[in-house]
Amino acid sequence: MQRITYRVKVSAQGAKRRISYLLRPSKRLLNTKSNIVSSVTPTTSSRFARTKKLAQVSSIALLSLPAQSLTTMGTQVRTYDNVMLQNTLTVAAVPGDSTYFATDGFQHGFGFDLVRTYADELGVDIDLKAYANEEAALKAIRSGEADMALTTASTKLKSQLNLSSINVSCGYDASLTKNGLHPKVSWTFSSSNDPLSKKASYFLCDSIKLQNTQKLAAFYNQNLLKDAYSQDHFQRTLTEKLPDYQSSFEEQARNYNHDWELLVAMGYQESHLDANAVSPTGVRGLMMLTNNTAKAMGVSDRVDPYQSIGGGARYLEQMKGEFADVPKTDRIWFALAGYNMGPNAVKSIQRKLRDQGIDDKSWANVYAYLADNRASNSRYGQAMHYVSNIRSYLETIKTQTV
């Protein structure tokens, strides 16, 4: 039988009224004959009633303030307790190349992936809320709209708002800067004493987690299109060649339920949008299909742009199906890795991770495995670059006018 969970939401104002009602002074019973207030010692039942009221107060406070501490009768309701009660970590974030990127309902990014891993460790869902600037995101913590913030805000701003902060690099800023990421990506909390903040510090600064953070930074490397030559080549290729193929990309994306700009990013990675491209290994066309893949996808002419794009789109759809059990946020990276090195190779890595008790449906973990073992298998290094390059091209297409 499916379990249905109902979540009760009580406004802060309503909670205060209830708390005031529950803690109001009890009306003492008067002796109508003598008008003397009874001085009889309270009975056990009255003490029980008082305890019951306090329990009710605590419940109302927790339900009414999901992301804000409350002091009632000297007891502070911690943000961590609220997160666990609500089963949701609410994060205020400012979009950026070092925090998170979102398009068409798909969210990813260096900072976002770290927060998501932390939420998984807590065993809660994540609710990401976008804010236009750093100050607004930080103030969301103060107002109770969020449990934590993911920003690159200055230390001065965080100090002015009396907030506690942890750099995700845990002091190893160079691991971020060498990958073109902001060195001060941070998680910010209302108090350093709250368990949510303390657990985050342990999580980020654990030696193994810190190594994985550095590998994740490599996947989200922002240096690919930073030099003038690469920028110019990318812009010129999309300006001069994309108009000839854009309608084909859009139509084939609709046919196979893809983001058409993702297919463009793949086409640039494969051939720089050259419909006549040929590699020494025999792959051909705009999407550089092998002869066997082309036949399997129903492509009769690999150098025909429309057919080539359709073949690539259909094969990518198959790869998504191969990894349907992977959460949507990570599934595209698994699909692209499978597109490059074959799905069975990726699944073999997943089995090895499972055997080690590691989450095999996390791209961060698969990418870390590829990075650790690329010296012994050249295909691993190729898959790493293939997926990270397409991610970078896609973000650039989405955020720039080309």
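Residues: numbered from 1 along the sequence shown.
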*Tell me, with the steps shown, if M341 and Y380 meet side chain to side chain contact (heavy atoms under 4.5 Å, CB included).*
CA-CA 8 Å; M341 64 189 302; Y380 290 173; 3.7 Å; yes
*What do the steps show when you test Y80 against D147 for side chain to side chain contact (heavy atoms under 4.5 Å, CB included), and what is the final call?*
CA-CA 8 Å; Y80 171 78; D147 305 306; over 6 Å; no
*Please step through side chain to side chain contact (heavy atoms under 4.5 Å, CB included) for the pair T151 and Y131, ending with a clear verdict.*
CA-CA 10 Å; T151 71; Y131 289 82; over 6 Å; no
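Take A265 and apply the side-chain contact (heavy atoms from CB on, under 4.5 Å) test, not counting sequence neighbours, and it matches I390, Y393, L394, I397. Every residue two or more places apart in sequence or in another chain was checked for a side-chain contact (heavy atoms from CB on, under 4.5 Å) with D244, and none qualifies. Here K241 pairs with nothing under the salt bridge (Lys or Arg N to Asp or Glu O under 4.0 Å) rule; sequence neighbours left out. A search for side-chain contact (heavy atoms from CB on, under 4.5 Å) contacts involving R391 returns H108, F219, Y220, Q222, W333, E395, not counting sequence neighbours. The salt bridge (Lys or Arg N to Asp or Glu O under 4.0 Å) test applied to D274 returns no partner, not counting sequence neighbours. Looking at residues two or more places apart in sequence or on another chain, you find a side-chain contact (heavy atoms from CB on, under 4.5 Å) between L204 and I166, V168, W187.
Residues S169 and L176 come closest through the heavy atom pair CB-CD1, 3.8 Å. The two atoms that bring Y245 and A275 nearest to each other are OH-CB, 3.7 Å, heavy atoms only. Nearest heavy-atom pair across D330 and R116 is OD1-NH2, 2.9 Å. Across all their heavy atoms, G123 and N87 have their closest contact at O-OD1, 3.2 Å. Shortest non-hydrogen contact noted between L210 and C170 is CD1-CB, 3.9 Å.
Using a distance-only test at 3.5 Å, with no hydrogens or angles considered, no donor-acceptor pair links the side chain of S201 to the main chain of K198. Proximity of a side-chain donor or acceptor of D360 to a complementary backbone N or O of R354 within less than 3.5 Å is not detected. No donor-acceptor distance shorter than 3.5 angstrom exists from the side chain of S392 to the backbone of S388, with no hydrogens or angles considered. For S191 (side chain) and N193 (main-chain N/O), a donor-acceptor pair under 3.5 Å exists by modelled atom type. Between the D259 side chain and the E261 main chain, a donor and an acceptor come within less than 3.5 Å of each other. Between the T99 side chain and the V94 main chain, a donor and an acceptor come within less than 3.5 Å of each other. Between the side chain of R331 and the backbone N or O of V326 there is at least one donor-acceptor pair closer than 3.5 Å.
Applying the salt bridge (charged side-chain N to carboxylate O under 4.0 Å, His left out) test to every pair with at least one member in residues 226-237, sequence neighbours left out, gives these pairs: D232-R236. Residue pairs that meet the side chain to side chain donor-acceptor pair (under 3.5 Å) test with at least one member in residues 296-309, sequence neighbours left out, are E251-Y306, S300-Q307. Legend: salt bridge (charged side-chain N to carboxylate O under 4.0 Å, His left out) pairs involving residues 155-184, not counting sequence neighbours, sorted by first then second residue: D173-K184. Sorted by first and then second residue, the side chain to side chain donor-acceptor pair (under 3.5 Å) pairs involving residues 339-349 (not counting sequence neighbours) are E322-K347.
Proximity of T237 to Y268: side-chain heavy atoms (C-beta onward) are separated by under 4.5 Å at one or more points. The shortest distance between side-chain heavy atoms of V124 and M84 falls below 4.5 Å. Residues I309 and Y256 have side chains not in contact (no heavy-atom distance under 4.5 Å, counting atoms from C-beta outward). Between L196 and N82 there is no side-chain heavy-atom pair separated by less than 4.5 Å. The shortest distance between side-chain heavy atoms of L316 and L336 falls below 4.5 Å. A heavy-atom distance below 4.5 Å is found between the side chains of N162 and R142. Using a 4.5 Å heavy-atom threshold, the side chains of Y100 and P95 count as touching. For the pair L242 and F249, the minimum side-chain heavy-atom distance is below 4.5 Å.
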Taking distance alone, no hydrogens or angles, what donor-acceptor pairs closer than 3.5 Å link side-chain atoms of residues 279-298 to residues at least two apart or in another chain?
| from | atom 1 | to | atom 2 | distance (Å) |
| --- | --- | --- | --- | --- |
| S279 | OG | T281 | N | 3.2 |
| S279 | OG | T281 | OG1 | 2.8 |
| S279 | OG | G282 | N | 3.4 |
| S279 | OG | V283 | N | 3.3 |
| T290 | OG1 | T293 | N | 3.0 |
| T290 | OG1 | T293 | OG1 | 2.8 |

Table please: side-chain donor-acceptor pairs of residues 370-377 below 3.5 Å, with sequence neighbours left out.
| from | atom 1 | to | atom 2 | distance (Å) |
| --- | --- | --- | --- | --- |
| D372 | OD1 | K215 | NZ | 2.7 |
| D372 | OD2 | K215 | NZ | 2.8 |
| N373 | ND2 | Y369 | O | 2.8 |
| S376 | OG | N373 | O | 2.9 |
| N377 | OD1 | R379 | N | 3.0 |

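Of the inter-residue distances, the one linking L150 atom CG with L128 atom CG reads 7.5 Å to the nearest 0.5 angstrom. The CG atom of L353 lies 8.5 Å from the CG atom of D359; values are rounded to the nearest 0.5 Å. Rounded to the nearest 0.5 angstrom, S154 OG and E134 CD are separated by 8.0 Å. To the nearest 0.5 Å, the span separating OG1 on T79 from CD1 on I141 amounts to 9.0 Å.
The 12-atom threshold is exceeded at CG of D355, counting heavy atoms of other residues, nucleotides or ligands nearer than 6.0 Å.
Side-chain contact annotation: T329 with Q107, donor-acceptor N/O pair under 3.5 Å absent. Q231 and Q235 share no side-chain donor-acceptor pair at under 3.5 Å.
The residues K361 and D120 are annotated as not salt-bridged, no charged nitrogen and carboxylate oxygen being separated by less than 4.0 angstrom.
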